There are 2 protein chains.
Amino acid sequence: MSRRMKLDVSIILQKATEIADEQGLDQLSIGLLAEKLEVRPPSLYNHLDGLNELKQKLAIQGVKKLHEYMLQAAVGRSGDDAIRAISQAYLQLVREHPGLYDASSRFPDANDQELQQAQESVVQLVLQVLDVYHLQEETAIHIVRGLRSILHGFSSIEQMGGFGLPLDINKSFSILINTFIEGIHAATKNQNLEMNN
Amino acid sequence: MSRRMKLDVSIILQKATEIADEQGLDQLSIGLLAEKLEVRPPSLYNHLDGLNELKQKLAIQGVKKLHEYMLQAAVGRSGDDAIRAISQAYLQLVREHPGLYDASSRFPDANDQELQQAQESVVQLVLQVLDVYHLQEETAIHIVRGLRSILHGFSSIEQMGGFGLPLDINKSFSILINTFIEGIHAATKNQNLEMNN
DNA sequence: TGCGAAAACTAATATAATTAGTTAAAATTG
DNA sequence: CAATTTTAACTAATTATATTAGTTTTCGCA
(Lines give C-alpha, C1' and ligand atoms only; values in the text may rest on other atoms or scores of the structure.)
Protein backbone atom coordinates (compact mmCIF):
# COMPACT_ATOMS: atom_id res chain seq x y z
CA MET A 1 0.00 0.00 0.00
CA SER A 2 1.44 3.31 -1.01
CA ARG A 3 0.64 5.88 1.61
CA ARG A 4 -1.60 6.08 4.62
CA MET A 5 -5.28 6.64 3.91
CA LYS A 6 -6.00 10.33 4.17
CA LEU A 7 -8.90 10.59 6.55
CA ASP A 8 -10.67 13.72 7.66
CA VAL A 9 -14.00 14.76 9.06
CA SER A 10 -15.56 15.50 5.71
CA ILE A 11 -14.59 12.13 4.26
CA ILE A 12 -15.95 10.43 7.35
CA LEU A 13 -19.21 12.34 7.08
CA GLN A 14 -19.54 11.49 3.44
CA LYS A 15 -19.12 7.78 4.05
CA ALA A 16 -21.43 7.92 7.04
CA THR A 17 -24.05 9.58 4.87
CA GLU A 18 -23.72 6.83 2.29
CA ILE A 19 -24.21 4.16 4.93
CA ALA A 20 -27.18 5.92 6.48
CA ASP A 21 -28.82 6.49 3.10
CA GLU A 22 -28.24 2.97 1.86
CA GLN A 23 -28.74 0.90 4.97
CA GLY A 24 -30.65 3.15 7.32
CA LEU A 25 -29.46 5.39 10.11
CA ASP A 26 -29.71 2.61 12.66
CA GLN A 27 -27.20 0.52 10.76
CA LEU A 28 -24.63 3.25 11.02
CA SER A 29 -22.03 2.15 13.55
CA ILE A 30 -18.44 3.02 14.30
CA GLY A 31 -17.45 -0.49 13.36
CA LEU A 32 -19.11 -0.57 9.96
CA LEU A 33 -17.98 2.95 9.18
CA ALA A 34 -14.38 2.10 10.06
CA GLU A 35 -14.57 -0.99 7.92
CA LYS A 36 -15.79 0.95 4.89
CA LEU A 37 -13.03 3.48 5.43
CA GLU A 38 -10.50 0.69 5.83
CA VAL A 39 -9.27 1.76 9.23
CA ARG A 40 -9.68 0.38 12.75
CA PRO A 41 -12.58 1.72 14.79
CA PRO A 42 -10.45 3.66 17.30
CA SER A 43 -8.87 5.67 14.49
CA LEU A 44 -12.12 7.51 14.00
CA TYR A 45 -11.77 8.98 17.46
CA ASN A 46 -8.88 11.07 16.23
CA HIS A 47 -11.39 13.00 14.16
CA LEU A 48 -14.55 13.03 16.18
CA ASP A 49 -15.79 12.31 19.61
CA GLY A 50 -17.83 9.19 19.00
CA LEU A 51 -21.05 8.01 17.49
CA ASN A 52 -23.18 10.71 19.04
CA GLU A 53 -21.06 13.51 17.71
CA LEU A 54 -21.11 11.83 14.33
CA LYS A 55 -24.88 11.70 14.33
CA GLN A 56 -25.09 15.28 15.47
CA LYS A 57 -22.90 16.36 12.57
CA LEU A 58 -25.02 14.33 10.19
CA ALA A 59 -28.11 16.07 11.51
CA ILE A 60 -26.59 19.47 10.88
CA GLN A 61 -25.46 18.49 7.43
CA GLY A 62 -28.94 17.16 6.72
CA VAL A 63 -30.69 20.36 7.70
CA LYS A 64 -28.21 22.42 5.72
CA LYS A 65 -28.74 20.30 2.66
CA LEU A 66 -32.48 20.62 3.09
CA HIS A 67 -32.13 24.37 3.18
CA GLU A 68 -29.93 24.27 0.10
CA TYR A 69 -32.47 22.24 -1.87
CA MET A 70 -35.34 24.47 -0.84
CA LEU A 71 -33.40 27.63 -1.56
CA GLN A 72 -32.50 26.42 -5.03
CA ALA A 73 -36.12 25.57 -5.68
CA ALA A 74 -37.34 28.94 -4.48
CA VAL A 75 -35.20 31.19 -6.65
CA GLY A 76 -37.13 32.84 -9.39
CA ARG A 77 -40.49 31.77 -8.05
CA SER A 78 -43.08 33.31 -5.82
CA GLY A 79 -46.41 32.66 -4.19
CA ASP A 80 -48.19 29.39 -4.73
CA ASP A 81 -45.60 28.40 -7.22
CA ALA A 82 -42.77 28.87 -4.79
CA ILE A 83 -44.57 26.87 -2.14
CA ARG A 84 -45.04 23.99 -4.52
CA ALA A 85 -41.42 24.17 -5.53
CA ILE A 86 -39.97 24.14 -2.03
CA SER A 87 -42.31 21.34 -1.05
CA GLN A 88 -41.19 19.32 -3.99
CA ALA A 89 -37.57 20.03 -3.12
CA TYR A 90 -38.14 18.86 0.45
CA LEU A 91 -39.60 15.60 -0.71
CA GLN A 92 -36.81 15.18 -3.21
CA LEU A 93 -34.15 15.59 -0.55
CA VAL A 94 -35.79 12.97 1.63
CA ARG A 95 -36.01 10.58 -1.28
CA GLU A 96 -32.40 11.07 -2.27
CA HIS A 97 -31.03 11.08 1.25
CA PRO A 98 -33.37 9.19 3.51
CA GLY A 99 -30.71 8.41 6.09
CA LEU A 100 -29.40 11.93 6.24
CA TYR A 101 -32.91 13.27 6.58
CA ASP A 102 -33.63 10.79 9.30
CA ALA A 103 -30.53 11.97 11.14
CA SER A 104 -31.80 15.52 10.86
CA SER A 105 -34.87 14.65 12.89
CA ARG A 106 -33.28 12.29 15.39
CA PHE A 107 -30.31 14.16 16.74
CA PRO A 108 -28.61 13.55 20.08
CA ASP A 109 -28.50 17.20 21.15
CA ALA A 110 -31.34 19.57 20.39
CA ASN A 111 -29.57 22.49 22.03
CA ASP A 112 -26.68 22.53 19.60
CA GLN A 113 -26.13 26.08 18.35
CA GLU A 114 -25.20 25.19 14.81
CA LEU A 115 -28.13 22.83 14.45
CA GLN A 116 -30.60 25.39 15.72
CA GLN A 117 -29.22 27.99 13.38
CA ALA A 118 -29.55 25.67 10.41
CA GLN A 119 -33.12 24.88 11.37
CA GLU A 120 -33.88 28.53 11.80
CA SER A 121 -32.63 29.29 8.32
CA VAL A 122 -35.16 26.85 6.88
CA VAL A 123 -37.95 28.55 8.81
CA GLN A 124 -36.77 31.94 7.61
CA LEU A 125 -36.75 30.78 4.02
CA VAL A 126 -40.34 29.64 4.26
CA LEU A 127 -41.37 32.86 5.98
CA GLN A 128 -39.76 34.76 3.15
CA VAL A 129 -41.74 32.78 0.62
CA LEU A 130 -44.90 33.60 2.54
CA ASP A 131 -44.10 37.31 2.56
CA VAL A 132 -45.95 37.93 -0.65
CA TYR A 133 -49.25 36.93 0.99
CA HIS A 134 -48.98 39.75 3.52
CA LEU A 135 -50.17 37.62 6.38
CA GLN A 136 -50.16 38.69 9.99
CA GLU A 137 -46.89 37.67 11.60
CA GLU A 138 -48.63 35.20 13.89
CA THR A 139 -50.60 33.69 11.08
CA ALA A 140 -47.47 33.27 9.04
CA ILE A 141 -45.85 31.29 11.84
CA HIS A 142 -48.86 29.03 12.16
CA ILE A 143 -48.66 28.40 8.46
CA VAL A 144 -44.96 27.61 8.55
CA ARG A 145 -45.66 25.09 11.28
CA GLY A 146 -48.43 23.58 9.23
CA LEU A 147 -46.37 23.26 6.09
CA ARG A 148 -43.51 21.78 8.04
CA SER A 149 -45.82 19.24 9.61
CA ILE A 150 -47.17 18.25 6.24
CA LEU A 151 -43.75 17.89 4.67
CA HIS A 152 -42.20 16.02 7.56
CA GLY A 153 -45.22 13.81 8.02
CA PHE A 154 -45.65 12.91 4.40
CA SER A 155 -42.01 12.15 3.77
CA SER A 156 -41.54 10.19 6.97
CA ILE A 157 -44.51 8.01 6.21
CA GLU A 158 -43.40 7.49 2.65
CA GLN A 159 -39.93 6.52 3.87
CA MET A 160 -41.20 3.95 6.30
CA GLY A 161 -43.29 2.46 3.53
CA GLY A 162 -46.42 3.57 5.29
CA PHE A 163 -48.51 4.24 2.22
CA GLY A 164 -49.48 0.69 1.51
CA LEU A 165 -51.82 0.96 -1.39
CA PRO A 166 -50.63 1.23 -4.98
CA LEU A 167 -52.42 4.53 -5.52
CA ASP A 168 -50.08 7.19 -6.89
CA ILE A 169 -48.09 8.73 -4.08
CA ASN A 170 -46.99 11.81 -5.97
CA LYS A 171 -50.60 12.61 -6.65
CA SER A 172 -51.40 12.34 -2.96
CA PHE A 173 -48.59 14.76 -2.32
CA SER A 174 -49.61 17.40 -4.79
CA ILE A 175 -53.21 17.21 -3.66
CA LEU A 176 -52.08 17.71 -0.09
CA ILE A 177 -49.91 20.69 -0.95
CA ASN A 178 -52.61 22.26 -3.11
CA THR A 179 -55.15 21.75 -0.38
CA PHE A 180 -52.87 23.55 1.99
CA ILE A 181 -52.29 26.37 -0.44
CA GLU A 182 -56.05 26.81 -0.66
CA GLY A 183 -55.95 27.16 3.09
CA ILE A 184 -53.41 29.93 2.85
CA HIS A 185 -55.67 31.78 0.47
CA ALA A 186 -58.46 31.43 2.95
CA ALA A 187 -56.22 32.90 5.65
CA THR A 188 -55.46 35.78 3.33
CA LYS A 189 -59.13 36.54 3.06
CA ASN A 190 -59.21 36.49 6.83
CA GLN A 191 -61.57 33.59 7.01
CA ASN A 192 -61.65 32.37 10.54
CA LEU A 193 -59.93 29.03 10.53
CA GLU A 194 -60.15 28.60 14.25
CA MET A 195 -63.90 28.36 14.53
CA ASN A 196 -65.50 25.24 15.91
CA ASN A 197 -62.53 24.43 18.02
CA MET B 1 -39.91 -10.86 50.38
CA SER B 2 -43.04 -12.94 50.28
CA ARG B 3 -43.46 -14.61 46.93
CA ARG B 4 -41.82 -14.50 43.57
CA MET B 5 -42.74 -11.59 41.37
CA LYS B 6 -45.48 -12.65 39.02
CA LEU B 7 -44.31 -11.68 35.60
CA ASP B 8 -46.13 -11.95 32.32
CA VAL B 9 -46.11 -10.38 28.92
CA SER B 10 -48.71 -7.77 29.74
CA ILE B 11 -46.87 -6.61 32.83
CA ILE B 12 -43.66 -6.44 30.87
CA LEU B 13 -45.31 -4.42 28.13
CA GLN B 14 -46.82 -2.07 30.65
CA LYS B 15 -43.49 -1.35 32.29
CA ALA B 16 -41.79 -1.05 28.92
CA THR B 17 -44.41 1.49 27.92
CA GLU B 18 -43.73 3.48 31.08
CA ILE B 19 -40.03 3.55 30.38
CA ALA B 20 -40.49 4.50 26.75
CA ASP B 21 -42.97 7.25 27.63
CA GLU B 22 -40.88 8.67 30.44
CA GLN B 23 -37.36 8.28 29.16
CA GLY B 24 -37.76 7.84 25.43
CA LEU B 25 -37.89 4.73 23.32
CA ASP B 26 -34.13 4.69 22.87
CA GLN B 27 -33.59 4.37 26.59
CA LEU B 28 -35.64 1.21 26.69
CA SER B 29 -33.24 -1.68 27.19
CA ILE B 30 -33.54 -5.22 28.48
CA GLY B 31 -31.30 -4.28 31.37
CA LEU B 32 -33.26 -1.26 32.53
CA LEU B 33 -36.56 -3.04 32.04
CA ALA B 34 -35.40 -6.02 34.09
CA GLU B 35 -34.19 -3.70 36.80
CA LYS B 36 -37.55 -1.92 37.02
CA LEU B 37 -39.28 -5.29 37.17
CA GLU B 38 -36.84 -6.49 39.80
CA VAL B 39 -35.68 -9.54 37.89
CA ARG B 40 -32.48 -10.47 36.09
CA PRO B 41 -32.28 -9.66 32.38
CA PRO B 42 -32.38 -13.28 31.17
CA SER B 43 -35.69 -13.83 32.95
CA LEU B 44 -37.42 -11.69 30.38
CA TYR B 45 -36.52 -14.21 27.71
CA ASN B 46 -38.96 -16.63 29.26
CA HIS B 47 -41.73 -14.32 28.09
CA LEU B 48 -40.49 -12.83 24.89
CA ASP B 49 -37.82 -13.28 22.32
CA GLY B 50 -35.68 -10.23 22.91
CA LEU B 51 -35.61 -6.50 22.48
CA ASN B 52 -36.83 -6.54 18.90
CA GLU B 53 -39.89 -8.57 19.69
CA LEU B 54 -40.57 -6.29 22.62
CA LYS B 55 -40.44 -3.24 20.40
CA GLN B 56 -42.62 -4.93 17.83
CA LYS B 57 -45.22 -5.64 20.49
CA LEU B 58 -45.02 -2.07 21.68
CA ALA B 59 -45.61 -0.88 18.13
CA ILE B 60 -48.72 -3.00 17.84
CA GLN B 61 -49.99 -1.86 21.18
CA GLY B 62 -49.36 1.72 20.17
CA VAL B 63 -51.32 1.49 16.95
CA LYS B 64 -54.17 -0.27 18.74
CA LYS B 65 -54.30 2.40 21.38
CA LEU B 66 -54.30 5.05 18.70
CA HIS B 67 -57.24 3.38 17.06
CA GLU B 68 -59.00 3.14 20.41
CA TYR B 69 -58.56 6.86 21.10
CA MET B 70 -59.73 7.83 17.64
CA LEU B 71 -62.69 5.49 17.77
CA GLN B 72 -63.80 6.89 21.11
CA ALA B 73 -63.51 10.39 19.75
CA ALA B 74 -65.50 9.56 16.64
CA VAL B 75 -68.56 8.08 18.26
CA GLY B 76 -71.57 10.34 18.05
CA ARG B 77 -69.90 12.77 15.68
CA SER B 78 -69.79 13.20 11.96
CA GLY B 79 -68.31 15.29 9.22
CA ASP B 80 -66.00 18.16 10.05
CA ASP B 81 -66.71 17.65 13.69
CA ALA B 82 -65.62 14.05 13.60
CA ILE B 83 -62.43 14.93 11.77
CA ARG B 84 -61.57 17.52 14.38
CA ALA B 85 -62.31 15.03 17.12
CA ILE B 86 -60.18 12.21 15.78
CA SER B 87 -57.36 14.62 15.08
CA GLN B 88 -57.51 15.89 18.60
CA ALA B 89 -57.53 12.31 19.88
CA TYR B 90 -54.47 11.47 17.83
CA LEU B 91 -52.56 14.39 19.26
CA GLN B 92 -53.72 13.51 22.72
CA LEU B 93 -52.45 9.97 22.43
CA VAL B 94 -49.04 11.16 21.29
CA ARG B 95 -48.87 13.62 24.16
CA GLU B 96 -49.85 11.04 26.73
CA HIS B 97 -47.74 8.23 25.30
CA PRO B 98 -44.87 9.70 23.34
CA GLY B 99 -42.70 6.62 23.67
CA LEU B 100 -45.44 4.22 22.69
CA TYR B 101 -46.31 6.35 19.71
CA ASP B 102 -42.68 6.51 18.73
CA ALA B 103 -42.54 2.73 18.87
CA SER B 104 -45.55 2.59 16.59
CA SER B 105 -43.64 4.36 13.86
CA ARG B 106 -40.23 2.74 14.34
CA PHE B 107 -40.92 -0.96 14.39
CA PRO B 108 -38.44 -3.73 13.58
CA ASP B 109 -40.73 -5.65 11.23
CA ALA B 110 -43.08 -3.88 8.87
CA ASN B 111 -44.46 -7.14 7.50
CA ASP B 112 -45.95 -8.27 10.79
CA GLN B 113 -49.54 -9.37 10.21
CA GLU B 114 -50.94 -8.08 13.45
CA LEU B 115 -49.25 -4.72 13.02
CA GLN B 116 -50.54 -4.29 9.51
CA GLN B 117 -54.02 -5.20 10.59
CA ALA B 118 -53.96 -2.65 13.39
CA GLN B 119 -52.73 0.02 11.00
CA GLU B 120 -55.40 -0.91 8.52
CA SER B 121 -58.09 -0.49 11.13
CA VAL B 122 -57.02 3.10 11.68
CA VAL B 123 -57.19 3.77 7.97
CA GLN B 124 -60.65 2.18 7.83
CA LEU B 125 -61.86 4.32 10.68
CA VAL B 126 -60.81 7.48 8.91
CA LEU B 127 -62.35 6.31 5.65
CA GLN B 128 -65.57 5.69 7.53
CA VAL B 129 -65.50 9.22 8.90
CA LEU B 130 -65.00 10.51 5.38
CA ASP B 131 -67.97 8.51 4.08
CA VAL B 132 -70.39 11.32 4.72
CA TYR B 133 -68.62 13.51 2.17
CA HIS B 134 -69.35 11.05 -0.63
CA LEU B 135 -65.92 11.40 -2.17
CA GLN B 136 -64.60 9.29 -4.98
CA GLU B 137 -62.82 6.30 -3.57
CA GLU B 138 -59.48 7.46 -4.88
CA THR B 139 -59.97 10.92 -3.56
CA ALA B 140 -60.84 9.56 -0.17
CA ILE B 141 -57.58 7.65 -0.05
CA HIS B 142 -55.58 10.72 -0.98
CA ILE B 143 -57.29 12.55 1.80
CA VAL B 144 -56.61 9.84 4.35
CA ARG B 145 -52.95 10.01 3.40
CA GLY B 146 -53.00 13.75 3.77
CA LEU B 147 -54.61 13.72 7.17
CA ARG B 148 -52.25 11.05 8.36
CA SER B 149 -49.28 13.06 7.16
CA ILE B 150 -50.52 16.11 8.98
CA LEU B 151 -51.16 14.26 12.21
CA HIS B 152 -47.94 12.32 12.20
CA GLY B 153 -45.90 15.31 11.14
CA PHE B 154 -47.36 17.71 13.63
CA SER B 155 -47.12 15.38 16.59
CA SER B 156 -43.63 14.20 15.77
CA ILE B 157 -42.34 17.72 15.49
CA GLU B 158 -44.07 18.73 18.70
CA GLN B 159 -42.54 15.72 20.46
CA MET B 160 -39.03 16.51 19.38
CA GLY B 161 -39.51 20.04 20.62
CA GLY B 162 -39.36 21.30 17.08
CA PHE B 163 -41.75 24.21 17.46
CA GLY B 164 -39.33 26.59 19.04
CA LEU B 165 -41.30 29.77 19.37
CA PRO B 166 -43.66 30.43 22.24
CA LEU B 167 -46.64 30.92 19.93
CA ASP B 168 -49.59 28.75 20.93
CA ILE B 169 -49.10 25.26 19.59
CA ASN B 170 -52.71 24.18 19.99
CA LYS B 171 -53.77 27.09 17.88
CA SER B 172 -51.33 26.06 15.16
CA PHE B 173 -52.87 22.62 15.27
CA SER B 174 -56.47 23.67 14.98
CA ILE B 175 -55.65 26.07 12.18
CA LEU B 176 -53.91 23.28 10.33
CA ILE B 177 -56.81 20.88 10.76
CA ASN B 178 -59.35 23.48 9.77
CA THR B 179 -57.32 24.39 6.74
CA PHE B 180 -57.34 20.78 5.74
CA ILE B 181 -61.05 20.46 6.29
CA GLU B 182 -61.53 23.41 3.96
CA GLY B 183 -59.56 21.41 1.45
CA ILE B 184 -61.93 18.48 1.81
CA HIS B 185 -64.85 20.76 1.10
CA ALA B 186 -63.08 21.91 -2.01
CA ALA B 187 -62.61 18.31 -3.09
CA THR B 188 -66.31 17.74 -2.52
CA LYS B 189 -67.09 20.54 -4.92
CA ASN B 190 -64.80 18.81 -7.35
CA GLN B 191 -62.37 21.65 -7.50
CA ASN B 192 -59.25 20.50 -9.20
CA LEU B 193 -56.58 20.34 -6.57
CA GLU B 194 -54.02 18.90 -8.88
CA MET B 195 -53.67 21.83 -11.17
CA ASN B 196 -50.37 23.60 -11.56
CA ASN B 197 -48.43 20.53 -10.71
C1' DT C 1 -46.52 -35.35 48.72
C1' DG C 2 -44.13 -35.47 44.84
C1' DC C 3 -43.84 -34.68 39.73
C1' DG C 4 -43.64 -31.89 35.68
C1' DA C 5 -43.84 -27.46 33.65
C1' DA C 6 -42.91 -22.79 34.03
C1' DA C 7 -40.05 -19.31 35.12
C1' DA C 8 -36.55 -17.71 37.70
C1' DC C 9 -31.43 -17.82 38.27
C1' DT C 10 -25.98 -17.80 37.38
C1' DA C 11 -22.42 -18.05 34.21
C1' DA C 12 -20.72 -17.57 29.79
C1' DT C 13 -20.53 -15.52 25.04
C1' DA C 14 -20.98 -12.00 21.51
C1' DT C 15 -21.06 -7.51 19.72
C1' DA C 16 -20.36 -2.59 20.02
C1' DA C 17 -18.45 1.59 21.71
C1' DT C 18 -15.01 3.61 23.93
C1' DT C 19 -10.48 4.63 26.42
C1' DA C 20 -5.51 4.08 27.35
C1' DG C 21 -1.33 3.83 25.92
C1' DT C 22 1.94 3.07 21.95
C1' DT C 23 3.99 3.68 17.48
C1' DA C 24 4.73 5.25 13.00
C1' DA C 25 4.35 8.60 9.53
C1' DA C 26 4.37 13.30 8.14
C1' DA C 27 5.40 18.09 8.80
C1' DT C 28 8.29 21.55 10.65
C1' DT C 29 12.36 23.72 12.01
C1' DG C 30 17.26 24.66 13.27
C1' DC D 1 19.09 17.31 5.90
C1' DA D 2 18.65 15.57 10.47
C1' DA D 3 16.18 16.23 14.68
C1' DT D 4 11.99 17.14 16.76
C1' DT D 5 7.21 17.78 17.18
C1' DT D 6 2.64 16.72 15.88
C1' DT D 7 -0.80 14.03 13.89
C1' DA D 8 -3.15 10.10 13.27
C1' DA D 9 -2.87 5.53 12.92
C1' DC D 10 -2.47 1.18 15.73
C1' DT D 11 -3.14 -2.77 19.59
C1' DA D 12 -4.95 -4.00 23.80
C1' DA D 13 -8.07 -3.46 27.40
C1' DT D 14 -12.59 -1.92 29.39
C1' DT D 15 -17.43 -1.16 29.51
C1' DA D 16 -22.11 -1.86 28.30
C1' DT D 17 -25.61 -4.55 26.33
C1' DA D 18 -28.02 -8.36 24.46
C1' DT D 19 -28.31 -12.92 24.24
C1' DT D 20 -27.69 -18.13 25.04
C1' DA D 21 -26.73 -22.29 27.78
C1' DG D 22 -27.46 -24.80 31.37
C1' DT D 23 -29.20 -25.14 36.23
C1' DT D 24 -32.27 -24.50 40.00
C1' DT D 25 -36.31 -23.06 42.18
C1' DT D 26 -41.13 -22.56 42.59
C1' DC D 27 -45.86 -23.59 41.76
C1' DG D 28 -49.98 -26.02 40.45
C1' DC D 29 -51.99 -30.20 40.44
C1' DA D 30 -52.60 -35.37 40.30
Side-chain angles (χ1 to χ4, degrees), chain A residues 1-61 99-100 102-103 106-109 112, chain B residues 1-61 99-100 102-103 106-109 112:
Chain A
M1 212 170 307
S2 53
R3 62 174 55 211
R4 186 189 291 199
M5 168 61 100
K6 229 184 334 196
L7 209 56
D8 69 14
V9 176
S10 94
I11 290 173
I12 293 176
L13 280 182
Q14 187 185 313
K15 189 61 80 177
T17 301
E18 275 176 35
I19 293 173
D21 285 342
E22 287 165 14
Q23 313 200 30
L25 185 61
D26 294 326
Q27 293 309 304
L28 176 62
S29 68
I30 293 289
L32 178 59
L33 180 55
E35 189 183 310
K36 298 265 184 196
L37 290 167
E38 298 182 282
V39 295
R40 304 291 158 171
S43 305
L44 298 178
Y45 288 79
N46 287 316
H47 302 279
L48 42 82
D49 234 16
L51 193 55
N52 274 343
E53 186 177 306
L54 175 65
K55 287 184 175 170
Q56 189 73 22
K57 284 185 191 300
L58 277 188
I60 293 165
Q61 194 182 274
L100 192 61
D102 202 14
R106 287 170 50 199
F107 32 76
D109 175 15
D112 184 301
Chain B
M1 215 170 306
S2 53
R3 62 175 54 212
R4 186 189 288 200
M5 169 60 97
K6 229 183 334 197
L7 210 54
D8 69 13
V9 176
S10 92
I11 290 173
I12 292 176
L13 280 181
Q14 187 185 313
K15 188 63 79 178
T17 301
E18 275 176 36
I19 293 173
D21 286 342
E22 288 165 14
Q23 311 199 34
L25 184 62
D26 294 325
Q27 292 309 302
L28 177 62
S29 68
I30 294 289
L32 178 60
L33 180 56
E35 188 183 311
K36 298 266 183 196
L37 290 166
E38 299 182 282
V39 296
R40 302 293 159 168
S43 304
L44 299 178
Y45 288 79
N46 287 315
H47 303 280
L48 43 83
D49 234 17
L51 193 56
N52 274 344
E53 185 176 305
L54 175 65
K55 286 184 175 171
Q56 189 73 22
K57 283 185 191 301
L58 277 189
I60 294 165
Q61 194 182 275
L100 192 61
D102 203 14
R106 284 171 51 197
F107 31 76
D109 175 15
D112 185 301

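Quick caveat: nothing in here was measured; it's all calculated off a predicted structure. To find a chain, count down the sequence lines: A is the first, B the second, and so on, and within it residues start at 1.
- Judged by atom type and distance alone, B/Asn46 reaches the base of C/dA8 through a side-chain donor-acceptor pair under 3.5 Å.
- Within the model, atoms NZ of B/Lys55 and CG of B/Leu48 stand 13.0 Å from one another, a figure rounded to the nearest 0.5 Å.
- One atom, CD1 of A/Ile12, and another, P of D/dA9, lie 8 Å apart when rounded to the nearest Å.
- A pairwise comparison of heavy atoms in B/Ala103 and B/Leu58 identifies CB-CB, 3.9 Å as the closest pair.
- Between the CD atom in B/Gln23 and the NZ atom in B/Lys36 there is a gap of 5.5 Å [rounded to 0.5 Å].
- Of the candidates B/Leu7, B/Ile12, B/Asn46, B/Leu7 is the only one forming a side chain to side chain contact (heavy atoms under 4.5 Å, CB included) with B/Val39.
- A/Lys55 has its NZ atom 15 Å from the C1' atom of C/dT18, to the nearest Å.
- In this structure, CG in A/Leu28 is found 6.0 Å from CG in A/Leu25, a value given to the nearest 0.5 Å.
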Distances for protein N/O vs nucleotides 16-18 of chain D N/O pairs under 3.5 angstrom?
unit_1 : atom_1 : unit_2  : atom_2 : d
D/dA18 : OP1    : B/Ile30 : N      : 3.0
D/dA18 : OP2    : B/Ile30 : N      : 3.1
D/dA18 : OP2    : B/Gly31 : N      : 2.9

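- In this structure, B/Ser43 reaches the C/dC9 phosphate: one of its side-chain N or O atoms is under 4.0 Å from OP1 or OP2.
- Atom CG of B/Leu54 and atom C1' of D/dT19 are 14 Å apart (whole Å).
- To the nearest angstrom, C1' of D/dT19 lies 14 Å from CD of B/Glu53.
- Close to D/dT7, at under 4.0 Å from its OP1 or OP2, lies no side-chain N or O of A/His47.
- Here A/Asp49 contributes atom CG and A/Gln56 contributes atom CD; the two are 12.0 Å apart, rounded to the nearest 0.5 Å.
- Rounded to a whole Å, the CG atom of A/Leu7 is 15 Å from the C1' atom of C/dA25.
- When rounded to the nearest whole Å, the span between CG of B/Leu44 and P of D/dA21 equals 17 Å.
- In this structure, the nucleotide among D/dT19, C/dA8, D/dC10 sitting nearest to the side chain of A/Val39 is D/dC10.
- The pair A/Arg106-B/Asp102 does not count as a salt bridge, with every side-chain nitrogen at least 4.0 angstrom from each carboxylate oxygen.
- Among D/dT11, C/dT10, D/dT19, the nucleotide with an atom closest to any side-chain atom of B/Arg40 is C/dT10.
- Remark: P of C/dA6 and CG of B/Leu48 are 16 Å apart, rounded to the nearest angstrom.
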